[in-house]
Amino acid sequence: MVGLISALILIPLAGAVALYIGQPKNARTVALIFDALSAFYALMLWQKFDATAPGLQLVERHVWIPSIGAEYLVGVDGLSLLLVLLTSLVFPFAFSAQSRSAGERGACALMLVMQAALYGTFTAQNFVLWFLFYEMSLVPAFLLIKIYGGENRDYAAVKFFVYTFLGSVAMLLAFLGIYFTKGTFDFVALAGLGKSGLLAGKLQWLAFAGIFLGLAVKVPLFPFHTWLPDAYQTAPTGVSMVLTGALSKMGVYGFIRLLVPLFPNEIKIAGPWLLALVVCSIVFAPLAAWAQRDLKRMVAYLSINHLGYCLLGLFAITARSTSSLIDMHAALSGVFLQIFNHGVTAAALFYFVGLLEQRRGLRGIDDFGGLMQRTPLLCGWMSIAMFSSLGLPGLNGFIGEFLIFKGSFAVAASFTAIAVLGLLFTAVTFMRAMQSLFSGPLAESCSGFSDLIRSEKFVIVPVTLLMFAVGISPQFVFNIFNATVVQMARLFA
Amino acid sequence: MIAWTIYITFAGAVVLLVLPRGFAHWIALVTAIAGFAISLATFFCDDIDLTHFTTVVRVPWVPALGMNYHLALDGISLTLVLVTGIAAVSAVLFSWDVDQRQNEFFFWLLLVVGGSYGVFLSADLFLLFLFYELVIVPKYFLIAIFGSTNKEYGAMKLTLYSFFGGALVFLGIIAIYVSGGSLDVNQLAQFQFTPQLQSWAFPVLFLGFAVLAGIWPLHTWAPTGHVAAPTAGSMLLAGIVMKLGAYAALRVAMNLFPQGFQMWRTWIAVLAVVGIVYAAAVALRQRDLKFVIGYSSVSHMGFVLLGFATANVFGVSGSVLQMFSHGVIGALLFAVAGRMIYRRTHTRELDALSGMNLSRALPFAAFAFVIASAASMGIPGFSGFAAEITILIGAWKSYPLAVWITGIGMVLVAAFTLRALKRSFFDVDLATASAAPPEMEPITIPEKLGAGLLMFATLAVGLYPKFLLDRIQPAVEAMRFLK
């Protein structure tokens, strides 16, 4: 009997195999069917999950390679469940944005493999297994950019791969070092050992640096971010949505699950430096976005900014020993919520940019103008996604950012105060984009645009409603991870 | 009951989206009148405690984070809710014949009004900020879609300034939440913040709110925004939106940080006085009638800030009265300039208007503009006089020098107002004075009703200010910074 989580991982894989063997005509529909099935399983997981209990649940544990301490160990806590749900949400959304083209079948199969890898990453609780899934997501991402990407795809794909792979190697070496000293790969066991130090002297710092590098590239954190705009820009819309909506969360997840529990003392020492990097991410990324002429590149840079908020909350509370439990709860809840929000909102933004590109064939900010006259619905719904991204109260983005700032302000007031600038620059960037896209005289080239068609509305309306739901009544999301937040805060304190 | 002002207005906005075109203006009018009627009924209801910020509704919202849906009411809020009601009704009347995208226009308009009601009634900082930002978005669309001269520039400038202020406010609210441990305004008003926190959090918060109140030198969004906006948009902008900033600065920044306020109030007074004189001087040189009025708004809002800075009952009560008064007068001025004149002459250039013999062509418009100008100059008998004299009495106690300088400012206000009045309506060339006035579409009934409402309000308050002050003053006295 296959457990619920294993089934969740296997379903997309089965879908990929089915696409490969069956060679169906309409690959996208088949992929969506498998996605519906996995979403159903994710919902079952949510239903079975006891939100009031801390710790891992629905654990499946099998012997795998005992000689190196590798176990097949999967389980979920609130954070894992949140990310599983997010993945189940982003992928169907991304599939619906994929254009029907010649290479559709291969792209869909690769994306399904990536989905399985993500489910695995977010539920694995043993390093070897986790690393396996972590790397497994990398290959399809590389191929998707390399084969299906737009202009400049070779350069972007190789850059993406080299950056991420270097990070992965550093991380692997660090973990091997830890394994040889402590003899375990189990996350929970390692977190328990973290307080007293895992390794001796300089090795400890090397291991810290290795893991930090691996994750910082993945998020990405300034100054390891340069692969991201290239990759996101050239990837097809659906792939960009997945990259930003789900894949980038692996880095943040790794920070929360691995780096912070394993190296509490190092984080405290390096804290101000880490916070400085984060603040750079938050402030510089929207400035860079402001300067972009390509809409997709602009959204990509803003993605760096939003993930910066996650790390701001995380590092602020762990870098200072003075933080109280209440601030920790606030900041962690904010970080978790921001992970979820960014997944939804950034994916939505890429979706809209994709819609514009599909209609116009280009996506420069100057290629459009006066769209409000021609396509009011498209402009209206896209504005909502933008407002959500710039953190307007009443939409989802605001709640997460508010909590993060609240939690981090208490312990790192000056860093937080500077980070508020990021909010302002994001707002400026979006307002500039809205102005040149939507208002003004109708551009000649846009006069033949069609407004949203029914299938597009079917995709957009539920996602937008979700944004409002989280913005107005976020309690249902908090309920998923409340117990986990309390438990983690105790662990970090 | 007062909470229904918010619900009815938003419900009206939703109905507008759903219903077909055609009676959009009727729905908007009914909604606006309903909100106005509720606030008026509350005003005349004797058994409501207007001294303290009394809770009206309080429902847990996100209990884990201490956020409540919490509305409360005192004399200050009620005064501003009332002026919102008046401005909303007249703004709808003055947009009666909007024909392009009518439903959408009134939808945005009602969102601005509903959000403003929300700000004036919020007793939870989170809720207040939510409504505060909620006003910005519809305002942007109202100007960017339906505006005129340079509308995109004006809308964007206004929005960016608002977001800048919003970012400062956000920082201030977080500082309050972190150190005070609550978002409830009434609870926080009991809390002793450390002087060190107050010394920097007060200016951040005050400045953030004051951007929207048009504080010098962050006022430049106001004239361009007013000019670019459609008539109803300028009316709401001058009538309500600028008050949001001033009100929130009073309710949040000054009320919660009394010591910070004492440290910085001299600077506020300086900025306020500079704003009064500078804006009046600039208004004197404008050629566009709407720019004249836009700068006069900045000048009048300077009085509000000066009143705040006095930190005594007279000054602050006068400020609240001035918010009411300017809400009415500013709306009336923009209504005449934007609707009655511009719609018919298609120009707002004073040079062009001066030859048109408008006082004979549009006698009602001339009458309304005379009343509005008199009120704006602070002629006794109008609300402007009652408010400004109260502020100046208060200022005399704290900053006598400021009163002298403001006196110069008031002369300038009179000068530019008379200049605008003369150039636009009464600059009759003797050679053509006997000729028949140019043919113009007569003033319509909705325009007369809207102008009548505003003129009645400024006269009523001017002749019997006690009526409002009796409700404002106890509420001001209950605020902490006076103790």
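Below, read A as the first sequence line, B as the second, and so on, with proteins coming before strands; counting in each chain starts at 1.
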Where is the tightest heavy-atom contact between A:Leu424 and B:Ala167, given as atom of each residue plus distance? CD1-CB, 4.2 Å
Less than 4.5 Å to any heavy atom of chain A: does that hold for the side chain of B:Leu134, its backbone, both, or neither? neither
Below 4.5 Å, heavy-atom pairs only: which of B:Leu168, B:Thr159, B:Leu171 has the largest tally toward chain A? B:Leu171
Name the region of A:Leu403, side chain, backbone, both or neither, that has any atom closer than 4.5 Å to a heavy atom of chain B. side chain
Exercise: identify the closest heavy-atom pair between B:Ile174 and A:Lys406: CG2-CA, 3.8 Å
Close side-chain approach of B:Met67 to A:Phe402, heavy-atom, < 4.5 Å: yes
Test A:Phe398 against B:Phe129 for ring pair (Phe, Tyr, Trp, His ring centres under 6.0 Å), laying out the working first. CA-CA 11 Å; A:Phe398 179 69; B:Phe129 190 61; 5.5 Å; yes
Select, from B:Ala175, B:Gly166, B:Ala155, B:Ala144, the one with the greatest count of heavy-atom pairs under 4.5 Å involving chain A. B:Ala175
If you define the side chain from C-beta out and look only at heavy atoms, does anything of B:Trp61 sit under 4.5 Å from A:Gln475? no
Locate the shortest heavy-atom distance separating B:Glu133 from A:Leu392; write the atom from each residue and the value. OE1-CD1, 3.9 Å
Tell me whether the rings of B:Trp200 and A:Phe409 are parallel (<30°), tilted (30 to 60°) or perpendicular (>60°). tilted
At a 4.5 Å cut-off on heavy atoms, which part of A:Ala417 comes close to chain B: side chain, backbone, both, or neither? both
Please flag which part of A:Leu390 lies under 4.5 Å from any non-hydrogen atom of chain B: side chain, backbone, both or neither. side chain
Please state whether the side chain, the backbone, both or neither of B:Tyr153 comes within less than 4.5 Å of a heavy atom of chain A. backbone
A side-chain contact here means heavy atoms from C-beta on lying under 4.5 Å apart; do B:Ile136 and A:Phe387 qualify? no
Note, B:Ile173 side chain near A:Phe405 side chain (heavy atom, < 4.5 Å): no
When you look at CG of B:Leu197, are more than 12 heavy atoms from neighbouring residues, nucleotides or ligands closer to it than 6.0 Å? yes
Where is the tightest heavy-atom contact between B:Val178 and A:Ala410, given as atom of each residue plus distance? CG1-CB, 3.4 Å
Taking the side chain as C-beta and beyond, is there a heavy-atom pair between A:Val428 and B:Leu160 under 4.5 Å? yes
Examine whether an atom of A:Ser333 lies under 4.5 Å from a heavy atom of chain B, and if so say whether it belongs to the side chain, the backbone or both; otherwise answer neither. neither
For the CE atom of B:Met156 and the CZ atom of A:Arg432, what is their distance to the nearest 0.5 Å? 10.0 Å
Please flag which part of B:Tyr132 lies under 4.5 Å from any non-hydrogen atom of chain A: side chain, backbone, both or neither. neither
Any chance you could measure B:Phe141, atom CZ, to A:Phe438, atom CZ, to the nearest 0.5 Å? 7.5 Å
Side chain proximity check, B:Phe126 to A:Pro393, heavy atoms < 4.5 angstrom: no
